[in-house]
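Input: a single structure, listed below in structure tokens.
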Amino acid sequence: STALSATTGASVNACPTVTTSYTITGTYANGCTDTHVVTVTVNPLPTVAAANATICQGNCATLTASGATTYTWTPSTALSATTGASVNACPTVTTSYTITGTDANGCTDTHVVTVTVNPLPTVAAANATICQNACATLTASGATSYTWTPSTALSATTGASVNACPTVTTSYTITGTNASGCTDTHVVTV
């Protein structure tokens, strides 16, 4: 009677956790009986897995599932496809995706993967006007670390503040990086 909904009747529900054989004894109205053995084969579920990802706003992550034969992904928001083992995810906000994996036996498993979207910094700096043979202090804000290019007439190429002493009008690109590793650029002209 293991994992059966009933032990009498023409139909029963069998929900075993392992492959199980059941013996059915049928009795005619005249009292004669016959037996038959039926086996319920229990296939193991696939184990679907995928790694979470962290991206900067505006970037994409490749998500790869394993453990099954075919895969479907939901929701479809910002995904390159909704089927297949690998998809590109380009969400604008942190998004969780459910992967349903199906094995060769038709058994399924689900797994949730999250793409965390970190915001970009907003790098800012003021333009400066100087007389020839003079210098200006340029100060960037909005990020954690900064790099400056080109290095022409700059006192340094890293740091929030640099001295610029160009002999001709020059534009500098500041690349700011925040604590999450996301970047933004800003152009300042002396």
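Quantities reported herein were computed from a predicted structural model and do not represent experimental measurements.
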Non-hydrogen atoms of [X] and [Y] that approach each other most closely:
X: Ala140; Y: Trp148; answer: CB-CZ2, 4.0 Å
X: Thr92; Y: Gln57; answer: O-NE2, 3.6 Å
X: Gly101; Y: Pro46; answer: O-CG, 3.9 Å

Query raised in the report: Which residue pairs pass the disulfide bond (SG atoms under 2.5 Å apart) test when at least one of the two sits in residues 131-162, sequence neighbours left out?
Result: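 As it turns out, the disulfide bond (SG atoms under 2.5 Å apart) pairs with a partner in residues 131-162, which skip direct neighbours, are Cys135-Cys165.
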
Report task. Could you list all the disulfide bond (SG atoms under 2.5 Å apart) pairs where at least one residue sits in residues 21-59, not counting sequence neighbours? Result ->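 Sorted result for residues 21-59: Cys56-Cys182.
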
Holding to side chain to side chain contact (heavy atoms under 4.5 Å, CB included), I want the full list of residues that pass it with [X], two or more places apart in sequence or in another chain.
X: Thr158; value: Thr147
X: Thr157; value: Ser151
X: Thr69; value: Asp103, Ala104
X: Thr144; value: Asn178, Ala179

Query raised in the report: To which residues is Leu79 joined in a hydrophobic cluster, defined by side-chain heavy-atom contacts under 4.5 Å among Ile, Leu, Val, Met, Phe, Trp and Tyr, whether direct or through other members?
Result: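 When side chains under 4.5 Å apart are linked, the cluster holding Leu79 also contains Val48, Ile55, Leu63, Tyr71, Trp73, Val87, Tyr97, Ile99, Val113, Val115, Val117.
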
Tell me every residue that passes side chain to side chain donor-acceptor pair (under 3.5 Å) with [X], counting only those two or more places apart in sequence or in another chain.
X: Thr35; value: none
X: Thr20; value: none
X: Thr2; value: none
X: Ser21; value: Thr39

Query - Separation of His36 NE2 from Thr23 OG1 (nearest 0.5 Å) - result: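 Interatomic distance, Thr23 OG1 to His36 NE2, rounded to 0.5 Å: 9.5 Å.
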
Query - Distance (rounded to the nearest 0.5 Å) between Thr177 OG1 and Tyr146 OH - result: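 Taking OG1 in Thr177 and OH in Tyr146, the distance rounds to 9.5 Å.
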
Report task. Go through the steps for Thr62 and Ser86 under the test side chain to side chain donor-acceptor pair (under 3.5 Å), then give the verdict. Result -> CA-CA 7 Å; Thr62 299; Ser86 290; over 6 Å; no

Query - Worked check of side chain to side chain contact (heavy atoms under 4.5 Å, CB included) between Thr189 and Thr169 - result: CA-CA 7 Å; Thr189 300; Thr169 297; 3.8 Å; yes

Query raised in the report: Is there any side-chain hydrogen bond (donor to acceptor under 3.5 Å, both in side chains) pair reaching into residues 118-137, and which pairs are they, with sequence neighbours excluded?
Result: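 Every side-chain hydrogen bond (donor to acceptor under 3.5 Å, both in side chains) pair that includes a residue of residues 118-137, provided the two are not neighbours, is Thr137-Asn163.
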
